Each structure stands twice: as C-alpha cells, then as structure tokens.
Number of protein chains: 2
Amino acid sequence: MINTNEFMAGLGKQVRFHRMKAGLTQVQLANMAGVGKTTVFDIEKGKTSVQIDSLLAVLGIVNIDIQFSGPLSMEYEKLMERENN
Amino acid sequence: MINTNEFMAGLGKQVRFHRMKAGLTQVQLANMAGVGKTTVFDIEKGKTSVQIDSLLAVLGIVNIDIQFSGPLSMEYEKLMERENN
DNA sequence: AGTATTTTACTGTTATGGCAGTAATACTGA
DNA sequence: TCAGTATTACTGCCATAACAGTAAAATACT
C-alpha cells in the first residue's frame with residue numbers, strides 16, 4: 001500500500017531537484033505550467049491534496065514521467081487491442 | 001508532454017477493470033478507500049481535477065502502482081545516498 | 001420478462017484547494 | 001557586508017472538489 005505522504009514528499013523533492021537543474025525559479029515554473037506559485041511551492045513541500053491536473057502540468061515542464069501499472073494491466077491492454085481490430 | 005485528459009482517461013479505465021476483476025462495486029471500493037462514491041465514479045470517468053490523495057487511496061485498494069521518473073532521478077538518488085552516509 | 005443491483009447523473013451543502021498579494025526570512029553573488 | 005533574488009509563510013477571496021442523497025438509466029440475474 002502506497003504511503004501518500006511519503007510518495008508526495010519524494011515526488012516534491014524530485015520536482016525541486018529537476019527544477020533547479022533546469023535553472024528555473026518556482027515562479028517561472030509556475031508560469032510555464034500554468035499554475036500559481038503557491039501550487040509549485042506546495043508540491044515541492046509534499047502537500048498531498050494537490051489536484052492531478054496541476055501536478056501533471058508541473059511534472060510535464062520539468063520532464064518527469066508518471067506511469068501506473070497493476071497486476072491486470074497487460075491483460076487489459078491485450079483486451080483493448082482485440083477490440084480495436 | 002503528457003496529455004492530462006488521456007492520462008486520466010486511461011487510468012480511469014484501468015481502475016474500473018481492476019475493480020471489476022476484484023468483484024467490487026464502486027460503492028464498496030469507495031468505502032474501502034475512504035472516499036465518496038462520487039469520487040470513484042469521477043476517477044473512472046477520467047476527471048482531471050481529482051486530488052492526489054483521493055486517487056492514491058483508490059489505486060492502493062485495486063493494487064495499481066504509480067511511479068515517476070525524470071532524466072535526473074538517478075543522479076538525485078545517488079546524491080541522497082551519499083548524504084545519508 | 002421481471003426484479004434486484006449497479007451505474008450514471010444531478011443537486012445542494014460544506015470544506016478546502018488554488019490563487020495573488022504581501023512580508024519576512026534565507027540565499028547568492030558582487 | 002550589502003543588495004538583489006528566491007523561498008517560505010501567511011492572508012483573504014473565490015471557485016470548486018468531495019460528499020451524501022436521490023432518482024433515472026443501464027446492467028445482471030433468475
């Protein structure tokens with residue numbers, strides 16, 4: 001089971017690391033992502049209640065990829081392929 | 001760049017697939033995840049403005065894993081390791 | 001077909017996330 | 001040290017996510 005606090009804390013640190021390597025300030029990143037500076041600050045701080053769209057917008061700018069996979073994902077994909085033929 | 005709509009739509013379908021395979025109704029999943037039934041419905045429908053904590057709670061129940069990785073993730077990890085020694 | 005269950009959709013309420021503005025603190029470089 | 005920049009923290013407002021309740025539509029079951 002995923003610990004939301006840990007997950008977001010880790011993600012926040014990665015965002016900060018990538019942002020700084022890119023030479024961006026929080027405000028610059030916020031503007032590029034189309035969110036408020038407070039949101040970037042909150043994400044880096046590990047806030048757990050940010051909205052997905054805000055987070056994905058920020059992650060997109062700093063080039064962090066998000067992936068999901070469950071035990072039945074492969075089965076699902078194959079099923080979808082079949083449907084599209 | 002990630003398309004938020006597509007991402008959430010895909011994730012929603014995976015959630016639904018996993019939930020049904022687990023033999024759970026939306027209401028049951030909602031109760032187990034500690035969120036409202038509307039939230040589960042919204043996630044499966046691909047709503048892009050749900051909050052991370054709600055989403056992670058639901059994903060945890062249906063055993064879907066979320067991972068993130070950026071071009072500098074490895075570098076960051078190594079840096080952290082060094083700090084902890 | 002008929003019934004029970006589930007899902008979808010809508011509503012009104014409540015709680016809070018997102019936001020800009022601001023100010024104080026911390027950091028960086030000359 | 002001093003000045004400029006960035007981050008952190010706080011405030012108040014607004015928009016809306018989360019929620020339960022309800023009802024209709026869709027699905028499943030016998």
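None of these values were measured; they are calculated from a predicted model. Atom set for the values below is all heavy atoms of this structure, side chains included, hydrogens, waters and symmetry mates excluded. Convention: sequence-line order gives letters A, B, ...; per-chain numbering from 1.
Among all heavy-atom pairs drawn from B:Leu72 and A:Phe17, the shortest one is O-CE2, 3.7 Å. When every heavy atom of B:Ala33 is checked against every heavy atom of B:Ala57, the shortest pair comes out as O-CB, 3.5 Å.
A search for side-chain hydrogen bond (donor to acceptor under 3.5 Å, both in side chains) contacts involving B:Lys21 returns A:Glu75, not counting sequence neighbours. Looking at residues two or more places apart in sequence or on another chain, you find a side-chain contact (heavy atoms from CB on, under 4.5 Å) between B:Glu6 and B:Asn3. Residues forming a ring pair (Phe, Tyr, Trp, His ring centres under 6.0 Å) with B:Phe41 (at least two apart in sequence, or on another chain): none. Residues satisfying the side-chain hydrogen bond (donor to acceptor under 3.5 Å, both in side chains) criterion with A:Asp42, sequence neighbours excluded, are A:Lys47.
Atoms CD1 and CD, from A:Ile52 and B:Gln51 in turn, are 9.0 Å apart once rounded to the nearest 0.5 Å. To the nearest 0.5 Å, atoms OG1 (A:Thr4) and CG (B:Leu56) are separated by 4.5 Å. The line from OG1 of B:Thr48 to CG of B:Asn5 is 5.5 Å long, rounded to the nearest 0.5 Å.
Sequence neighbours left out, not one pair with a member in residues 29-41 of chain B passes side-chain hydrogen bond (donor to acceptor under 3.5 Å, both in side chains). Residue pairs that meet the ring-ring contact (aromatic ring centres under 6.0 Å, His included) test with at least one member in residues 42-63 of chain B, sequence neighbours left out, do not exist here. Counting only residues at least two apart or in different chains, side-chain hydrogen bond (donor to acceptor under 3.5 Å, both in side chains) contacts with residues 10-19 of chain B comprise A:Ser73-B:Gln14, A:Glu77-B:Gln14, B:Arg16-B:Glu44, B:Arg19-B:Glu44.
Distance B:Asp42 CG to C:dC10 P: 12 Å, rounded to the nearest Å. Atom CD in A:Gln26 sits roughly 16 Å away from atom P in C:dA26 (whole-Å rounding).
Of the residues near DNA chain D, B:Met20 and A:Val27, the one whose nearest nucleotide (by heavy atom distance) lies more toward the 5' end is A:Val27. Across the interface with DNA chain C, nearest-nucleotide mapping of B:Lys45 and B:Thr25 shows B:Thr25 to be the residue nearer the 5′ end.
Residue contacts for B:Gln51: at a heavy-atom cut-off of 4.0 Å it reaches the sugar-phosphate backbone alone, with no base atom in range. Backbone-only engagement by B:Val50 is indicated by non-hydrogen atom pairs under 4.0 Å involving sugar-phosphate atoms exclusively.
At a non-hydrogen distance threshold of 4.0 Å, nothing from residues 55-66 of chain A comes into contact with DNA chain D. Heavy-atom distances under 4.0 Å link DNA chain D to no residue of residues 7-19 of chain B.
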Do any side-chain atoms of residues 58-71 of chain A form donor-acceptor pairs under 3.5 angstrom with protein atoms, and if so which ones, sequence neighbours left out?
from    : atom 1 : to      : atom 2 : distance (Å)
A:Asp65 : OD2    : A:Gln67 : NE2    : 3.2

Mind listing the N/O atom pairs, protein and nucleotides 19-25 of chain C, below 3.5 Å?
from   : atom 1 : to      : atom 2 : distance (Å)
C:dC19 : OP1    : A:Gly36 : N      : 3.4
C:dC19 : OP2    : A:Gly36 : N      : 2.7
C:dC19 : OP2    : A:Thr39 : OG1    : 2.3
C:dC19 : O5'    : A:Gly36 : N      : 3.4
C:dA20 : N7     : A:Lys37 : NZ     : 3.3
C:dG21 : N7     : A:Lys37 : NZ     : 3.1
C:dG21 : O6     : A:Lys37 : NZ     : 3.2

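First and last contacts of DNA chain D with chain B, using any nucleotide atom under 4.0 Å from a protein heavy atom and ordered 5' to 3', fall at D:dA17 to D:dT22.
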